[in-house]
Amino acid sequence: MSEFGALLQLTAQDGKRDELLRVLANYVNTLDGEPGTTLFAAAADPNDDDLVWVWEEFADAGAVRDHFQHDFFRALQLELADLLATPVGVRPLAPFTLRVNPLAEQR
C-alpha cells in the first residue's frame, strides 16, 4: 500500500464540468507513462454541478516528484487553467488500506 496520496477538489467554471471530466478522462490514459502513479480515480460530485473529486496514490516520494515533472501533467495544468473557477484544493493523505471487490467484476 502506498504511503503517498492526495484527495483533490476541482471546481469547474459554470457549465464547464463536462469538459473538465473529458479532460480528466483523457489524462487517465497517459498514466502508463507514470508507473509510480499507482491509483487515479475521479468522480463528479452528485450534489454540486461544478465539483469533481480526484484520488491519487503514488509508490513513493520520488513518484510524486516525477508526477509533477511529467510532460502530460504539465499539459493537464494548461488545460485546467481554462476550466477551473478556483485553484485545486489538495489534501495530502497517507493511505493505509484498499480493497477492490473481486465479485464486482463478475456481475
Side-chain angles (χ1 to χ4, degrees):
M1 169 80 359
S2 169
E3 292 185 21
F4 298 89
L7 178 64
L8 311 177
Q9 179 179 342
L10 292 81
T11 304
Q13 295 175 16
D14 287 340
K16 292 198 174 184
R17 185 170 79 172
D18 286 346
E19 189 173 352
L20 174 58
L21 295 176
R22 181 191 58 75
V23 166
L24 292 172
N26 287 339
Y27 175 69
V28 77
N29 293 319
T30 71
L31 292 175
D32 287 347
E34 290 186 44
T37 301
T38 58
L39 179 74
F40 180 94
D45 191 308
N47 299 310
D48 185 324
D49 291 340
D50 297 324
L51 198 54
V52 175
W53 297 95
V54 173
W55 179 283
E56 292 181 295
E57 292 183 16
F58 304 93
D60 52 36
V64 175
R65 281 190 304 277
D66 292 347
H67 172 69
F68 288 119
Q69 294 172 358
H70 200 279
D71 289 341
F72 289 127
F73 178 79
R74 291 179 178 177
L76 174 66
Q77 297 311 299
L78 295 174
E79 288 186 89
L80 293 180
D82 294 331
L83 299 175
L84 297 180
T86 62
V88 176
V90 179
R91 177 65 125 188
L93 302 171
F96 68 94
T97 188
L98 172 69
R99 180 180 187 276
V100 176
N101 187 344
L103 299 177
E105 300 254 341
Q106 296 176 7
R107 293 181 198 180

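The model shown is predicted, which means the values in this text are computed figures rather than measured ones.
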* What are the two closest non-hydrogen atoms of V54 and A42, and how far apart are they? -> CG2-CB, 4.0 Å
* To do: Find out if a path of hydrophobic residues (ILVMFWY) with successive side-chain heavy-atom gaps under 4.5 Å connects L76 to L39.
  => no
* **Ring centre gap for F68 and F73 strictly below 6.0 Å** => yes
* To do: Determine whether V88 and V64 fall in the same hydrophobic cluster, where Ile, Leu, Val, Met, Phe, Trp and Tyr are linked whenever their side-chain heavy atoms lie under 4.5 Å apart.
  => yes
* When rounded to the nearest 0.5 angstrom, what distance separates CG in D18 from NZ in K16? -> 12.5 Å
* To do: Check each of Y27, W53, W55, F72 against F40 using the ring-ring contact (aromatic ring centres under 6.0 Å, His included) test, and report the only one that passes.
  => Y27
* Would you say the side chain of R17 lies within less than 4.5 Å of the side chain of V52, judging by non-hydrogen atoms? -> yes
* To do: Please name the pair of heavy atoms, one in D50 and one in G15, separated by the smallest distance, quoted to 0.1 Å.
  => OD1-N, 4.1 Å
* Asked: Atom CG of D71 and atom CD of E34: how far apart are they, to the nearest 0.5 Å?
  -> 10.0 Å
* Which pair of heavy atoms, one from G5 and one from P95, lies closest together, and at what distance? -> N-CD, 3.9 Å
* Taking H70 for the side chain and G33 for the main chain, is one N or O donor matched with an acceptor at less than 3.5 Å? -> yes
* From CG (D60) to CZ (R65), nearest 0.5 Å -> 8.0 Å
* **Common cluster, L7/L24, ILVMFWY with side-chain heavy-atom separation under 4.5 Å** => no
* **Distance (rounded to the nearest 0.5 Å) between D45 CG and Q9 CD** => 8.5 Å
* To do: Tell me whether V28 is reachable from L83 by hopping between hydrophobic residues (I, L, V, M, F, W, Y) whose side-chain heavy atoms are closer than 4.5 Å.
  => yes
* Structure fact -> Closest non-hydrogen contact found for D82 with Q13 is O-NE2, 3.4 Å
* Asked: When hydrophobic residues are tied together by side-chain contacts of less than 4.5 Å, even through go-betweens, does L51 share a cluster with L80?
  -> no
* Structure fact -> Smallest heavy-atom separation, L93 atom then A6 atom, equals CD1-C, 3.9 Å
